[in-house]
Amino acid sequence: MAGAGWKVWRKLRIIKSVTFQSSRFYSSDWNIRHGLVGMVGRTPLVRLNKVSDETGCEILAKAEFANGGGSVKDRAAYFLIREAQKSGELKPGGTVVEGTAGNTGIGLAHLCLAMGYKCVIYMPNTQSHEKIELLQTLGADVRPVPAVAWSDPNNYNHQAKRFAESLDNAVWTNQFDNTANRLAHIETTGPEIWQQTDGKVSAVTFGTGTGGTLAGVGTYLKEKNKDIQVVLADPQGSVLYNWFKHGKLERSEGNSITEGIGQGRVTSNLEGAPIDDAMCITDKEAVEYTFRLLHEEGFFVGASSGLNVAAAVRVAKSMGPGHTIVTALCDTGQRYYAKLFSRKFLDDKGVLQYIPEPYRISLHD
C-alpha cells in the first residue's frame, strides 16, 4: 500500500496502535513473556554513555538483540506471519517461505518453530556457512541459489515467491514489499520509543534495508510530534542517500561490508516514509563505532549497529547539545565474527587502520 491510500490507512492504524500495550501482542504483565512470540519487542532503551557525554546529547539505542531470535528483524518476522494468519493465507501447519540473506530468515525460523509452521529460506550462495548452518539448526529448509540482481527472474526473492505459489497453504512473506514489516514498527518500536523517552525524543536514525524500521518508527513518531527528525543512515554503495538528496537512484561510491542494510531500489516499505534527512555513512565510520561500542560500552554488535551509532553521533553534533537521539543496536557481533572480527578481512577491505590499536585485541587472524 502506498501513496494517499497508505496515508489514510496509516492514520487509522496510528490511532489504534496508541493502545498497543493492551493488545494480544503483549501480556498485561511485563514480567512474564508468553513464549518466544512474547519475546518479540519491548526491548531496553540504553544510554550510550561515552558518545552521549562527548556530544552533550542523550544518545539512546534500542537493544534489539534482546528480542527472542536475537535481532530487530524478529519484529518484522512476527508481523509478516501474523498478517498472513489474519488474511487466511497461512493456516495451521503451513509453510513460510522467504528470500533472505540474514536476520529476517533467522527470526522467521525461530518463530516457525514456536508457532508450528515449516520454514523454507532462499538465500544467495555467497552467504557464510555459519548462516546456513544456523538456519538449518533452527529447522529451516535452506536453499542457496546463485547471487543475481533483483531484475533477474532467478533472484533469490523471485525464486522464493514461485516456490510458495507452487504449494498449498504456503506464503511468501516478501519482507521488502509487504508493509506488514513497516506495521511492526508502527505498532511496537515507535510506541516503545515514545514511552521510554516520555515523549522527549528529538530525532531517530536507522540504517535501511527493507525500510520497515525507519518508515514505521518515523510514521508513528511524526504522528505524535511532527518536529521529531527522521534521518536515513545509508551505507556506502547504496542508492538511498542519493535518492533522498538528489532524487536519483544512483549508488554512492564503494561497496560496504555492512550486511542487511543498503538498497538498489525504493521498497514498498520505504515508499512514503516521512524522512527529513539522509546521510551516507562510510565503512570507516561503521567499523570505528562497532569497535568503540565493544571496548567503550561493552556491546558486542555487528557493523549495522556501528553505522547506526555513527549516524546518531552525526545527528547529535548537527542538532547541538541537549537533544535526545534514538537509534538501534540491531543484533550481536557473533553473527559476523568470521569476517567483521577478522584482521585479514578488515585489512583487505582497507578499514583495519580505523580501529584504534588497543581495540584490535578483539580481532582474530
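Since we're looking at a predicted model, the values are computed, not measured. Atoms considered below: every heavy atom in the structure, side chains included; atoms not considered: hydrogens, waters and symmetry mates. All residue numbers in this chain count up from 1 along the given sequence.
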Undergrad: Among side-chain atoms of Y78 and E83, is any donor-acceptor pair under 3.5 angstrom?
TA: no
Undergrad: What I want to find out is whether E187 reaches R182 closely enough, with some N-O distance under 4.0 Å, to be called a salt bridge.
TA: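 Here E187 does not pair with R182 in a salt bridge, since their nearest N and O are not under 4.0 Å apart.
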Undergrad: Taking atom types as modelled, find out whether H295 and S362 have a side-chain donor-acceptor pair closer than 3.5 angstrom.
TA: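 Side chains of H295 and S362: pair found under 3.5 Å.
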Undergrad: Give the intermediate values and the outcome of ring pair (Phe, Tyr, Trp, His ring centres under 6.0 Å) for residues Y336 and F345.
TA: CA-CA 11 Å; Y336 314 98; F345 176 81; over 10 Å; no
Undergrad: Does the pair D347/K349 count as a salt bridge with the N-to-O cut at 4.0 Å?
TA: no
Undergrad: Is a donor from one side chain sitting under 3.5 angstrom from an acceptor on the other, for Q196 and K62?
TA: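 There is such a pair (donor and acceptor under 3.5 Å, judged by atom type) between the side chains of Q196 and K62.
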Undergrad: Can we say E64 and R75 salt-bridge, meaning some charged N sits less than 4.0 Å from an Asp/Glu carboxylate O?
TA: yes
Undergrad: Is there a side-chain contact between N269 and Q175 in this structure, where contact means two heavy atoms from C-beta onward sitting under 4.5 Å apart?
TA: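 No, their side chains stay 4.5 Å or more apart.
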Undergrad: Does E285 pair with R314 as a salt bridge, N-O distance under 4.0 Å?
TA: yes
Undergrad: Determine all donor-acceptor pairs shorter than 3.5 Å in which one atom belongs to a side chain in residues 235-243; sequence neighbours excluded.
TA:
| unit_1 | atom_1 | unit_2 | atom_2 | d |
| --- | --- | --- | --- | --- |
| Q236 | OE1 | D283 | N | 3.0 |
| Q236 | NE2 | N255 | O | 3.1 |
| S238 | OG | D234 | OD1 | 2.9 |
| S238 | OG | D234 | OD2 | 3.0 |
| S238 | OG | L240 | N | 3.4 |
| S238 | OG | Q263 | N | 2.8 |
| S238 | OG | Q263 | O | 3.2 |
| N242 | ND2 | E250 | O | 2.8 |

Undergrad: Salt bridge between D177 and R265, side-chain N to carboxylate O under 4.0 Å?
TA: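 Here D177 pairs with R265 in a salt bridge, since their nearest N and O are under 4.0 Å apart.
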Undergrad: I'd like to know if K222 pairs up with D276 as an ion pair, taking the criterion as any Lys NZ or Arg NE/NH1/NH2 lying under 4.0 Å from an Asp or Glu carboxylate oxygen.
TA: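 Salt bridge between K222 and D276, a charged N being under 4.0 Å from a carboxylate O: yes.
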Undergrad: For E165, is there an ion pair with R162 - N to carboxylate O distance below 4.0 angstrom?
TA: no
Undergrad: Below 4.0 angstrom, N of the basic side chain to O of the carboxylate: do E98 and K161 qualify?
TA: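 No, E98 and K161 are not salt-bridged.
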Undergrad: Taking 4.0 angstrom as the limit, do E58 and R47 come out as a salt bridge?
TA: yes
Undergrad: Under 3.5 Å, is there a donor-acceptor pair between the S71 and D331 side chains?
TA: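 Per modelled atom types, S71 and D331 side chains form no pair under 3.5 Å.
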Undergrad: Check whether Y359 forms a cation-pi arrangement with R292 (NZ or CZ under 6.0 Å from the six-membered ring centre, at most 45° off the ring normal).
TA: no
